[in-house]
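Just so we're on the same page: letters track the sequence lines, and every chain starts at 1. Being a predicted model, the structure only gives us computed values, none of them experimental.
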Amino acid sequence: MTKRSQNVNLAAMRKPVVFPLSALAAAVALSGCGSSGEEAYLYNSVSECVAEHPDSADICQQAYEEAQLAALDSGPRYANQNLCETEFGAGQCQPQAGGSFWTPFVAGYLVGEIIDEVGDYAEYKLKKRSGYYSSTPVFLSTKSGRPAYYGMNEQKLGNFGDKTVRASSSAYQRQAPKVRTASTVSRGGFGTTVRSSSSSSSSRSWGG
Amino acid sequence: MQRHKMSPRPDWQQQAREFGFHFHTIDGDLYWDESVAWQFSLAQVENDLEDPTAELQQMCLAAVDDIVQSEEWLTKFAIPSFAFDLVKESWQRQRFSLYGRMDFSYHGHGPAKLLEYNADTPTSLYEAGFFQWLWLEQQIERGALPPNADQFNSLQEKLINQFAAFRKKFAGHGLHMCCSPDTVEDRGTVQYLQDCALQAGLTNKFLYVDDIGQSKEGLFTDNDDEVIEACFKLYPWEFMLREPAAVDLASANVWWLEPLWKSVLSNKAILPYLWQKHEGHPNLLPSYFADDKTASLSGEYVRKPIFSREGANIDWLKDGEVVTSSTGPYGEEGSIVQQAHPLPVVDGQHMLIGAWIVGDEPAGLTIREDASAITQDTSRFVPHFIVD
């Protein structure tokens, strides 16, 4: 056991002459093409799902958990409460990761109609496309005027009260969390200490 | 512990170019100096430097826990009062930190003495974590060092692991990383951290501190108007807290690296605090606030501003008289005094040890040398190795 790093990736440390600026992962833009979508049940709770599919309680439960996970990993997220509530309404958002970002509450989840044909969750999941979530969350918003369900990519999936919806595969797709923008009203509010002192004394570093 | 003259690798400058180490020579003066190297025994590294660093870090964390609860302490630490709650909140919510460096005076025997803790914006990271590592590997390869030679330097591995841990906790879409414009050294340090973050799967985007924007909702934005959710800044909290954009620190709710509570540790006031709580600890030097009338200041003392970096504005006092001093822009917010503990001197060079911490774990060493007793940002970086 040495006292120094074992795995240093030399290739990754080599540099072109100019520093490359790596870009943030851009959000994957997807168009939801509704007509080609698959039919799915929309449930607001696990018990609602179990009531309709008493023999498939484990699918109902695991699909719900998958949808919660999908919501956190790929769903809409906002830098603060205000921005989130602008989209989803007052009281419809919750803080995540210690308040570092906000997400809308999950209002329900989609379960594929194959739930009627398969026996257990493993089989259910197998029939879903690999690389996609096996269930997807829906979020309730009145941003278009009346209450409607929206998917992870903010595509409209159905109206409030709908029990079945058509959702394209993109509604189940894993995506990079979205980049949020805000209009900038001023710049230069940080850095003033150095700007005001650099006329007289120059420093090699403002670290130490 | 011994200083050796070494033959530099013939192609080290070419390698520096290849790997993007652009600040090995600054204003014509050598900064990276591999014509010498310091040798340590494993026991010296582990018992005298690594273990005390880990222990001091725990003492420092306990100190933060105490200080953030106390307006009186926060005032003594010159934290602006508007930020008291923010500092406390950052400690309670975002305890996660990336790195820091404790500077020691150590003579190869006896306890290493903590001079200060660069907990917020330490530099010399790239040269310690990568270029020094490369030096050791290649000096072993060319036979200039024995095959069993080692180095206390798990910096790069630990930084990547720490970024990976951050990625899991943050669950956000990317990290912004910034520093001041017009400093090649700071830009290079941030570039190194960008590389480490990327190797941990954490996408990141660079901007200059001066380009951070403010939105009408009180968010911070980058040059593309993207909201900054998490940001590494190689720019001191004591500056940021006194700049105009600080009014939006609460509403912007950024996950900062280093977190705001590091402003308590990267503050010379931590030295009298630690001495008060742990008087007589072998790795601490007697330290007091400069206005503390109860302090006994006979012998040699060093006076340091609460906020200063790279050895600026330091007075060396002998029985109250200044014998050596350095200039600089700091000192408005008060000072501390610390008993002098001269650095080892070999060939007229004073030697300072920086002990790295990643997360809360000791992670390696930086050695700096300077002709002056007060090491500054012009001090040369000298590599080290472990051979018993």
Chain A heavy atoms under 4.5 Å from [X]: which part of the residue, side chain, backbone, both or neither?
{"X": "B:Ile160", "answer": "neither"}
{"X": "B:Gln15", "answer": "neither"}
{"X": "B:Thr221", "answer": "both"}
{"X": "B:Ile212", "answer": "both"}
{"X": "B:Gln199", "answer": "side chain"}
{"X": "B:Ala149", "answer": "backbone"}
{"X": "B:Tyr126", "answer": "side chain"}
{"X": "B:Ile386", "answer": "side chain"}
{"X": "B:Val254", "answer": "neither"}
{"X": "B:Asn148", "answer": "neither"}

>> Taking ring pair (Phe, Tyr, Trp, His ring centres under 6.0 Å) as the cut-off, I'd like each qualifying pair that reaches into residues 132-151 of chain A, sequence neighbours left out, listed once.
In response: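 Matches after skipping sequence neighbours: none remain.
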
> Between B:Pro244 and A:Thr192, what is the shortest heavy-atom contact and its length?
Replying inline: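 Scanning both residues completely, I find the closest heavy atoms to be CD-OG1, 3.5 Å.
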
>> Evaluate A:Phe190 against B:Phe220 for ring-ring contact (aromatic ring centres under 6.0 Å, His included), listing each step before the verdict.
In response: CA-CA 10 Å; A:Phe190 282 128; B:Phe220 293 140; 5.3 Å; yes

> Charged N to carboxylate O under 4.0 angstrom, B:Lys168 versus A:Asp73?
Replying inline: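 Salt bridge absent between B:Lys168 and A:Asp73.
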
>> As an exercise: rank B:Phe152, B:Phe23, B:Tyr235 by heavy-atom pairs under 4.5 Å with chain A and give me the winner.
In response: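 Ranked by heavy-atom pairs under 4.5 Å with chain A, first place is B:Tyr235.
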
> For B:Phe131, what residues pass the ring-ring contact (aromatic ring centres under 6.0 Å, His included) criterion, not counting sequence neighbours?
Replying inline: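 Partners of B:Phe131 under the ring-ring contact (aromatic ring centres under 6.0 Å, His included) test: B:Phe21, B:Trp32.
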
> Hey, are the side chains of B:Asp222 and A:Thr184 touching, using non-hydrogen atoms and a 4.5 Å cut-off?
Replying inline: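 Heavy-atom side-chain distance check fails, nothing below 4.5 Å.
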
> Is there side-chain contact between B:Leu134 and A:Leu10, with at least one heavy-atom pair below 4.5 Å?
Replying inline: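 Heavy-atom side-chain distance check passes, below 4.5 Å.
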
